[in-house]
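Remember, it's 1-based here, ligands and their atoms both numbered in the order they're listed.
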Amino acid sequence: MADKWANLDDAMTASRKKTIAELFAEDPDRAKRFSVEAAGWFLDYSKNRVDRAAMKSLVKLAEESGLKDEIERMFTGEKINRTENRAVLHTALRNCDPAAKVFVDGKDVMPDVRATLARMGDFADRVRTGKWRGYTGKRIRYVVNIGIGGSDLGPVMANLALTPYAKRSLRFFFVSNVDSTHLAETLRAVKPAETLFIVASKTFTTQETMSNARAAREWLVGRLPGVNPNDVVSRHFVAVSTNADEVSKFGIDTANMFGFWDWVGGRYSLPSAIGLSLMIAIGRANYAKFLKGYWKMDCHFRTAKFEKNMPVIMALLGILYSDGYGAETYCCLPYDQYLARFPAYLQQMDMESNGKGVDRDGKPVSRATGPIAWGEPGTNGQHSFYQLIHQGTHLIPCDFIGCCKTHNPIGDLHDKLMANLFAQTEALAFGKTAEQCRAEGVPEELVPFKTFTGNRPTNTLLCKELVPETLGALIALYEHKVFTQGVILNIYSFDQWGVQLGKVLAKGVLADLTAEKPAGGHDGSTAQLIARYRAAVGR
Ligand code: G6Q
């Protein structure tokens, strides 16, 4: 069988032939030809180093990687997360087809998915309408989500993104870090009798989350004196978890627990009960629209031909740059303040999924795996790191994300914002030649500094407006892009063994930080750091 990667070599041969500017010059229809639409998003990928031949070769790479079958395996509940022996069914969480059945181990998971959503909806309604009250009878005004990683980044990102839909009389906080400052500053901002804590943890054993949750419980019980602690906990704490035993042990009535399942990976769990804080913020109707957006993109990904398939196209372009051109990173640049946390969310989704060093046979990979994802809201980045993207020596493909309408029209600010977005992609693609500089009268000694090479690739993603549906679709777009790259790279995208070692070592280190007589056994550097810390805190 021919090596599928020969297709990437072919794509590279085509890609190197012409610059982006030359490609535009030879094809007046290029912009149209290299654009696709799906689930409320328009992707213009014409400012990439590809022609039709290159795209054809890249699509062949996807085909010869067995992508079509892999997509079906994921959607139909096969245990494609082999190292954890789990199905990967975040798509079932937002399957809006009322007749859909999705089986895991012979059991249809959809009735449980729908039942949980209905329970979340009831609970969200009660909090929003004031039917659910704190122990003293006061309305809930503050909601604090305690969780980390996949139980934090999604809720944080989406709550900010959908602020225009949020009930403004409720305030939302997210505590993730085991740094006590995070909890302490949050508790300073809330009133105990009016606060609902959502302890969001799939396992309910995560050190950071459980430490913060216990501290929050202690704080609350201490501030409502004379009250039976169990009553305080039952009115002010709910749980989102798969672990009913641990939830009970914590003192939360499992009637106030919202479940999910082992086939939902942490970083893919936002559309599960992990989205409870979001549902409370925006209400069940908007939450349903949010899920619908995901679903629309899911359906597009599952059914569209690869050459018209938005997640597949983005994945293939990413492979071209990382494995073809050796680009180590890509940049995500939302030109919408509400999407300020989207790059951070994407970082976990992409890097925890595809930051792997062995293939599906457990052999060291021979190609670069997942790229480094980073980014900031657009115009802020322009005044910071864009210099390197325009004129530096690294190739940084960029995804520009913009919304045609703003929720907050003030004068011409939105026109200016969008003008900046479009202009950046133009500058990156076409640059500025030495001749153009000279024609503008740039002094000869400054010409090298004022020249822009151009030929720097970008994708532009545009939607009409950032509404719940378009946010859901955007998240699903990147999820499926990451999935596609994992399939092509032949790695497992849904485990995360790389986070284990540090977690385990931290337990031994903690024991040595606190013990009267540390057990030791560390390397010289770690032992020195432990000793220094102990001395500083007087142990
Ligand atoms: C994500 C990871 C990880 C996880 C956190 C929190 O895919 O699994 O980020 O979400 O470690 O785990 P818990 O939800 O179990 O507390």
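Protein heavy atom nearest atom 3 (C) of ligand 1, with residue, atom name and distance: Gln348 NE2, 3.8 Å. Ile148 O, 3.5 Å is the protein heavy atom nearest to atom 5 (C) of ligand 1. Looking only at protein heavy atoms, the nearest one to atom 15 (O) of ligand 1 is Thr203 OG1, 2.6 Å. The single protein non-hydrogen atom nearest to atom 1 (C) of ligand 1 is Glu352 OE1, 3.1 Å, given as residue, atom name and distance.
Ligand 1 lies out of reach of Glu208, whose nearest heavy atom is not under 4.0 Å from it.
Within the model, atoms CZ of Phe75 and OG1 of Thr303 stand 9.0 Å from one another, a figure rounded to the nearest 0.5 Å. Once rounded to the nearest 0.5 Å, the distance linking CG of Leu43 with CE of Met314 reads 6.0 Å.
Taking the ring centroids of Tyr335 and Phe400, they lie under the 6.0 Å cut-off.
The atoms of ligand 1 that sit less than 4.0 Å from any heavy atom of Ser201 are 13 (P), 14 (O), 15 (O), 16 (O). Those atoms of ligand 1 with a heavy atom of Ser151 less than 4.0 angstrom away are 10 (O), 13 (P), 14 (O). Listed by number with element, the atoms of ligand 1 under 4.0 angstrom from any heavy atom of Thr206 are 12 (O), 13 (P), 15 (O), 16 (O). Interface atoms of ligand 1 facing Gln496, defined by a heavy-atom separation under 4.0 Å, are 7 (O), 8 (O).
Distance remark: protein heavy atom present below 4.0 angstrom from atom 10 (O) of ligand 1.
The environment of NZ in Lys68 is crowded: more than 12 heavy-atom neighbours from other residues, nucleotides or ligands sit within 6.0 Å.
In this structure, Phe301 and Phe483 have perpendicular ring planes: the angle between them is above 60°, well past the 30° mark.
By the 6.0 Å and 45° rule, Lys202 does not stack over the aromatic ring of Tyr268.
Legend: residues meeting ring-ring contact (aromatic ring centres under 6.0 Å, His included) with Tyr294, ordered by chain and number and at least two apart, are Phe290.
Residue Gly150 places at least one N or O, backbone or side chain, under 3.5 Å from an N or O of ligand 1.
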